[in-house]
There are 2 protein chains.
Amino acid sequence: MAEKVIYRIVQKDLRRSIIEGKYKVGDLLPSENELCSKYGISRMTVRNALNNLETEGLIERQKGKGSIVRLKRKSIELLSIKGFTEIMKGKERKIDTVFLHKPILLDWEDGFYWPLSEEEIISKCIYLKRVRMSAEKPIMMEKTYLSNMNLPSFCTEEFINKSLFDTLIVNHDIEMTGVVQKFRAIPANAELADSLQLIVGAPVLEIIRKLTTNREGFFVYSFAYCNTDDFTIEA
Amino acid sequence: MAEKVIYRIVQKDLRRSIIEGKYKVGDLLPSENELCSKYGISRMTVRNALNNLETEGLIERQKGKGSIVRLKRKSIELLSIKGFTEIMKGKERKIDTVFLHKPILLDWEDGFYWPLSEEEIISKCIYLKRVRMSAEKPIMMEKTYLSNMNLPSFCTEEFINKSLFDTLIVNHDIEMTGVVQKFRAIPANAELADSLQLIVGAPVLEIIRKLTTNREGFFVYSFAYCNTDDFTIEA
DNA sequence: TAGTGGTCTAGACCACTGC
DNA sequence: CAGTGGTCTAGACCACTAA
């Protein structure tokens with residue numbers, strides 16, 4: 001498992017140092033020539049590592065100056081909710097997350113929206129239902145489904161920061177790597193009208209998402225329904 | 001304005017050929033050695049160009065095989081429209097784009113949604129209005145605004161592939177690098193009901209976007225309104 | 001086996017930043 | 001001015017693909 005490609009080693013070393021905080025945002029990394037000496041390699045090999053870190057968004061490079069730590073990684077996992085009055089200031093409203101129940105293990109529903117692999121079906125399905133509230137008004141109702149592949153005791157463990165994604169990365173080393181998301185405006189049916197305190201037929205934003213992860217074949221599926229009278233959804 | 005950096009020239013040449021369809025998805029580009037000979041340059045310079053095209057998502061490279069055209073560009077720039085019946089197959093409907101008029105140069109509207117820089121205001125605003133049709137039914141109405149910074153003759157030139165973004169990258173070297181996008185479900189007002197052939201009050205998906213580019217201080221703003229009865233919007 | 005892209009070396013000159 | 005990253009050369013050996 002040990003990496004033998006030199007520029008990958010350098011890349012990993014520097015990445016770890018940055019993420020662990022040895023170099024902070026705004027700091028300069030060692031110069032290319034210093035890294036050449038340190039590892040005893042040629043400049044092109046060092047540049048390969050640094051170019052990749054730049055593509056990852058961890059650093060920015062400036063001619064005559066050096067490689068500057070930036071940490072501009074972008075997060076794909078969040079649907080952020082912004083109130084209209086705060087939109088221009090970029091501030092986010094205080095949003096409370098309420099679990100309608102703890103995560104539970106179920107069979108996948110018949111006719112599930114997304115096609116499922118044999119492995120996912122066998123593993124069964126962890127199901128969550130949450131509501132996001134602002135000032136005691138419901139803004140978004142979200143149903144989340146993930147397969148129970150190598151997730152020991154997931155249904156009983158406490159969530160970290162009340163966050164599914166923090167829990168997955170910290171406790172299970174699962175990181176979101178990409179997303180397919182579909183948007184529609186639909187009229188509220190009886191269930192949605194009830195959940196979101198709207199009248200039947202009012203416009204509701206539907207967001208259907210499939211998140212890919214660093215674990216092969218493991219996906220997170222989410223169906224969200226939003227009242228966007230007073231908020232927009234940023235994705 | 002002529003580019004003097006060799007690998008950028010090669011990169012631009014290949015990109016143009018791909019976007020204009022000289023090489024199609026699945027085709028192999030000339031090998032690295034062939035490109036070396038053709039341009040009379042060393043292999044590293046060619047590889048620099050190809051690496052960048054790979055990062056852009058235009059090609060994929062395979063050891064022992066070659067550089068394969070992929071066109072998996074970051075979906076930053078595209079709002080892709082998918083019909084429900086085709087969703088699972090991943091196929092996209094045939095969508096026609098109709099310009100309500102050619103791009104025109106205007107002053108920025110008072111009270112424009114996004115804050116504008118001094119430079120943008122001075123440069124004035126290029127405005128486009130387009131409608132996407134499927135089977136002669138309007139699906140999406142989109143208004144686009146960009147500042148007229150260093151865009152000689154943009155309003156008169158012919159679009160490449162009828163696409164704003166293809167034209168910006170091929171003719172002006174402007175690449176989209178990021179996006180802020182907000183989604184809402186709103187009831188159709190009279191104008192939207194008319195444009196999208198809906199009844200007033202029907203749910204309409206509103207997408208407000210600000211696209212960042214590789215050109216400092218240059219942004220593309222877009223406001224889209226979609227009838228999602230028969231289609232979803234993927235973003 | 002011939003050709004491909006992946007990795008790597010050891011040089012070189014340049015434009016730019018900061019002192 | 002010395003040091004930085006940006007560009008470029010002309011080689012080399014490797015692992016992989018396809019005929």
Side-chain angles (χ1 to χ4, degrees), chain A residues 1-15 17-18 23-72, chain B residues 1-15 17-18 23-72 173 175 177 214-216:
Chain A
M1 193 57 185
E3 187 64 68
K4 51 188 172 293
V5 178
I6 303 176
Y7 77 88
R8 293 258 175 229
I9 297 174
V10 178
Q11 188 179 335
K12 263 176 92 167
D13 283 356
L14 292 171
R15 183 165 50 207
S17 297
I18 292 170
Y23 302 108
K24 300 193 174 58
V25 172
D27 285 359
L28 287 175
L29 294 187
S31 76
E32 298 185 353
N33 284 324
E34 283 171 336
L35 290 169
C36 291
S37 312
K38 180 178 171 191
Y39 287 92
I41 56 181
S42 82
R43 206 173 140 217
M44 203 219 105
T45 306
V46 166
R47 283 184 61 75
N48 205 346
L50 292 172
N51 284 338
N52 290 338
L53 291 176
E54 189 173 26
T55 300
E56 288 179 31
L58 291 178
I59 65 171
E60 175 190 322
R61 309 170 80 203
Q62 268 184 44
K63 207 188 299 194
K65 207 168 176 193
S67 301
I68 309 158
V69 175
R70 284 296 180 220
L71 274 175
K72 294 257 184 248
Chain B
M1 193 54 187
E3 186 64 68
K4 50 192 174 294
V5 177
I6 304 176
Y7 78 87
R8 292 263 175 223
I9 298 175
V10 179
Q11 188 178 335
K12 258 178 93 166
D13 284 356
L14 291 172
R15 183 165 56 206
S17 297
I18 292 170
Y23 303 108
K24 299 192 176 58
V25 172
D27 286 358
L28 287 176
L29 293 187
S31 76
E32 297 185 354
N33 285 323
E34 282 170 336
L35 291 169
C36 291
S37 311
K38 179 177 171 192
Y39 287 91
I41 57 182
S42 81
R43 202 169 145 220
M44 203 218 104
T45 306
V46 166
R47 283 183 60 78
N48 204 345
L50 292 172
N51 284 338
N52 290 338
L53 291 175
E54 187 172 29
T55 300
E56 287 179 30
L58 291 178
I59 64 170
E60 175 191 321
R61 311 170 78 203
Q62 267 185 44
K63 208 188 298 195
K65 207 169 178 192
S67 300
I68 309 158
V69 175
R70 283 298 180 219
L71 275 175
K72 292 234 187 284
D173 258 328
E175 187 187 359
T177 54
N214 57 351
R215 190 181 286 186
E216 185 78 20

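Every chain is numbered from 1 and lettered A, B, ... according to where its sequence line falls, protein lines coming before strand lines. All values below come from the heavy atoms of this structure, side chains included, with hydrogens, waters and symmetry mates left out.
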List the atom pairs, with distances to 0.1 Å, where a side-chain N or O of residues 39-46 of chain B and a protein N or O form a donor-acceptor pair under 3.5 Å, not counting sequence neighbours.
unit_1   : atom_1 : unit_2   : atom_2 : d
Tyr39(B) : OH     : Asp13(B) : OD2    : 2.7
Arg43(B) : NE     : Glu32(B) : OE1    : 2.6
Arg43(B) : NH2    : Glu32(B) : OE1    : 3.0

Problem set entry | Listed partners of Asn48(B) passing side-chain hydrogen bond (donor to acceptor under 3.5 Å, both in side chains), at least two apart | none

Exercise. Taking only residues two or more places apart in sequence, or in another chain, which ones meet Lys65(A) in a salt bridge (charged side-chain N to carboxylate O under 4.0 Å, His left out)?
Worked result: none

For this session: Using the test salt bridge (charged side-chain N to carboxylate O under 4.0 Å, His left out), find all partners of Glu60(B) that sit at least two apart in sequence or belong to another chain.
Result: Arg70(B)

Problem set entry | Distance in angstrom units between Ile41(B) CD1 and dT7(D) C1', rounded | 11 Å

Exercise. dT9(C) P sits how many Å from Asn48(A) CG, rounded?
Worked result: 11 Å

Seminar exercise, completed: Separation of dC13(C) atom P from Ile6(B) atom CD1, nearest Å, is 16 Å

Seminar exercise, completed: Between CD1 of Ile68(B) and P of dA18(D) the distance, given in whole Å, is 9 Å

Exercise. In whole angstroms, how far is the P atom of dC14(D) from the NZ atom of Lys4(A)?
Worked result: 15 Å

Problem set entry | Closest non-hydrogen atom pair, Val69(B) against Lys24(B) | CB-O, 3.3 Å

Problem set entry | Contact under 4.0 Å: Thr45(B) side-chain N or O vs dT9(D) OP1/OP2 | yes

Please list each protein N or O that sits under 3.5 Å from an N or O in nucleotides 2-6 of chain C, with the distance.
unit_1 : atom_1 : unit_2   : atom_2 : d
dG3(C) : N2     : Gly64(B) : O      : 3.2
dT4(C) : OP1    : Ser31(B) : OG     : 3.0
dT4(C) : O2     : Gly64(B) : N      : 3.0
dG5(C) : OP2    : Glu32(B) : N      : 2.7
dG5(C) : N7     : Arg43(B) : NH2    : 3.4
dG6(C) : OP2    : Arg47(B) : NH1    : 2.8
dG6(C) : OP2    : Arg47(B) : NH2    : 3.2
dG6(C) : OP2    : Arg61(B) : NH1    : 3.2
dG6(C) : N7     : Arg43(B) : NH2    : 2.8
dG6(C) : O6     : Arg43(B) : NH1    : 3.1

For this session: Can you sort out the partners of Glu54(A) under salt bridge (charged side-chain N to carboxylate O under 4.0 Å, His left out), two or more places apart, ordered by chain and number?
Result: none

Exercise. Pairs counted as Watson-Crick or G-U wobble with both distances under 3.5 Å: what dot-bracket string results for DNA chain D, using | for bases tied to another strand?
Worked result: |.||||||||||||||||.

Problem set entry | Set of residues satisfying salt bridge (charged side-chain N to carboxylate O under 4.0 Å, His left out) with respect to Arg8(B), sequence neighbours excluded | none

Exercise. Can you name the residues that form a side chain to side chain contact (heavy atoms under 4.5 Å, CB included) with Ser17(A), not counting sequence neighbours?
Worked result: Lys22(A), Tyr23(A)

Seminar exercise, completed: Atom CG of Leu28(A) and atom C1' of dG18(C) are separated, to the nearest Å, by 12 Å

